[in-house]
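Model, not experiment: these values are computed from the prediction. In each ligand, atom 1 is the first atom listed, and ligand 1 is the first ligand listed. Computed from heavy atoms alone, side chains included, the values below leave out hydrogens, waters and symmetry copies.
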Amino acid sequence: MNTEFISQIQNGSPLAVARAITAVERGGAPARELCRALFPHTGRAHIIGVTGAPGTGKSTLVNALAKEFRAREKRVAILAIDPSSPFSGGAILGDRLRMQDLTGTGVYIRSMASRGQLGGLAAAVADALVILDAAQFEIILVETVGAGQSEVDIAKHALTTLVIEAPGLGDEIQAIKAGILEIADVLVVNKADRDGANAAVAALQMNLNLNPNKHAWRPPILKTIAPTSEGVSQVVDAIYKHTAYLDEHGLRAQKERARFDDGLRALAQREWLEQKMHALPPGQWDAWLAQITQRQRDPYSIAQEVLAS
Ligand SMILES: Nc1nc2c(ncn2[C@@H]2O[C@H](COP(=O)(O)OP(=O)(O)OP(=O)(O)O)[C@@H](O)[C@H]2O)c(=O)[nH]1
Ligand SMILES: [Mg+2]
């Protein structure tokens with residue numbers, strides 16, 4: 001591994017970090033070697049997940065949070081994850097535009113939508129977090145659209161997860177349906193300048209009462225107006241209260257362990273599969289698929305065959 005490149009990443013060179021993230025999006029051996037070299041230098045970043053239904057104001061809020069952390073002299077990176085089609089750059093471009101006023105403030109911003117590598121976006125995100133952590137960013141804000149499994153996956157990486165709601169979208173209902181409240185460490189009702197903000201707070205409050213958290217930490221519910229940064233400082237205070245709570249109760253290590261329990265499993269599966277796929281004769285996989293769809297063979301015995309190959 002190129003030690004010059006590694007030290008550029010560790011020094012937080014935006015160009016080196018960008019190249020490294022592109023490498024992990026592609027996956028394969030270069031990505032693995034890179035992450036191996038960088039992993040010993042990780043463990044200091046505070047990863048903050050920001051999720052919620054589309055349009056609740058996540059990007060605007062992430063922008064405001066980044067500014068607040070900068071004001072508190074933290075080194076900040078933003079990772080915006082868009083699980084929608086990698087071919088439609090629309091949403092990403094939109095995010096870039098909305099985050100534009102951070103340029104020149106020393107905040108590193110990156111969007112990811114690639115599914116190029118085996119293991120998909122989730123694997124690439126895990127690796128990108130290794131890179132940003134090793135690049136000595138103290139705060140890493142990860143934005144995901146709460147549109148399925150992705151927000152739960154991000155919660156596994158994050159030390160603190162913010163769930164964003166907004167009034168008037170029926171989001172409180174959506175959130176409850178998706179079980180998204182369970183992953184929330186801090187609940188934010190954004191767009192507090194709009195009608196129905198207090199009703200949204202009350203609905204969330206009621207839900208927390210109905211489903212008391214298994215853990216003693218009760219997520220605070222905070223109102224924000226992201227474009228003017230109103231309430232954003234209080235959100236940052238709540239984030240620090242949450243980590244202080246984790247530390248007081250010895251829960252930080254437990255969270256890390258759960259994170260690597262998932263991470264190691266995913267990685268082992270990916271490595272194993274990658275190795276086996278490489279070993280197959282060309283066309284073998286397609287031939288198997290044809291046999292399975294024609295019910296000539298079953299996937300269970302083929303999986304055993306792959307294992308034995
Ligand atoms: N009135 C009002 N509008 C807001 C507020 N926060 C964000 N917006 C607007 O809401 C729209 C959506 O904001 P985004 O930050 O893009 O929302 P998002 O959740 O990141 O959207 P997706 O990434 O597409 O899911 C934009 O037009 C914002 O300007 C707020 O506090 N009040
Ligand atoms: Mg967004």
Take a 6.0 Å sphere around CD of Glu73 and say whether it holds more than 12 heavy atoms from other residues, nucleotides or ligands.
no
Counting from 1, what ligand 1 atoms have a heavy atom of Ala226 closer than 4.0 Å?
6 (N), 31 (O)
Within 6.0 Å of CG in Leu15, more than 12 heavy atoms from elsewhere:
no
Among the N, O or S atoms that Glu143 has, which is closest to the Mg ion (ligand 2)?
OE2
Under 4.0 Å from one or more heavy atoms of Pro54, ligand 1 contributes atoms 25 (O)
Just let me know how Asp193 lines up against ligand 1, side chain, backbone, both or neither, with a heavy-atom cut-off below 4.0 Å.
side chain
Result for side chain to side chain contact (heavy atoms under 4.5 Å, CB included) between Val232 and one of Leu65, Asn190, Asp237 points to Leu65
Contact atoms of ligand 1, heavy-atom distance to Thr60 under 4.0 Å
7 (C), 13 (O), 14 (P), 15 (O), 28 (C)
Restricting to N/O/S atoms, is Thr60 within less than 2.8 Å of the Mg ion (ligand 2) or not?
no
Can you list the ligand 1 atoms lying under 4.0 Å from a non-hydrogen atom of Arg194?
1 (N)
Has Asn207 got a side-chain atom pairing as donor or acceptor with Ala203's backbone, closer than 3.5 angstrom?
yes
Check: of Ala197, Pro227, Ser229, min heavy-atom distance to atom 30 (C) of ligand 1 comes from Pro227
Below 3.5 Å, N or O to N or O, backbone or side chain included: is there any such pair between Gly55 and ligand 1?
yes
Would you say that more than 12 heavy atoms from the other residues, nucleotides or ligands in this model lie under 6.0 Å from the CZ of Arg72, or not?
yes
Do you know which of Arg265, Arg257, Arg259 makes side chain to side chain donor-acceptor pair (under 3.5 Å) with Asp261?
Arg265
Do the rings of Tyr245 and Trp217 sit parallel, tilted or perpendicular, given the 30° and 60° boundaries?
tilted
Note: ligand 1 atoms sitting under 4.0 Å from heavy atoms of Ile225 are 31 (O)
Counting only heavy atoms not in Asp195, do more than 12 sit closer than 6.0 Å to its CG atom?
no
At the 4.0 Å heavy-atom cut-off, does Glu230 count as touching ligand 1?
no
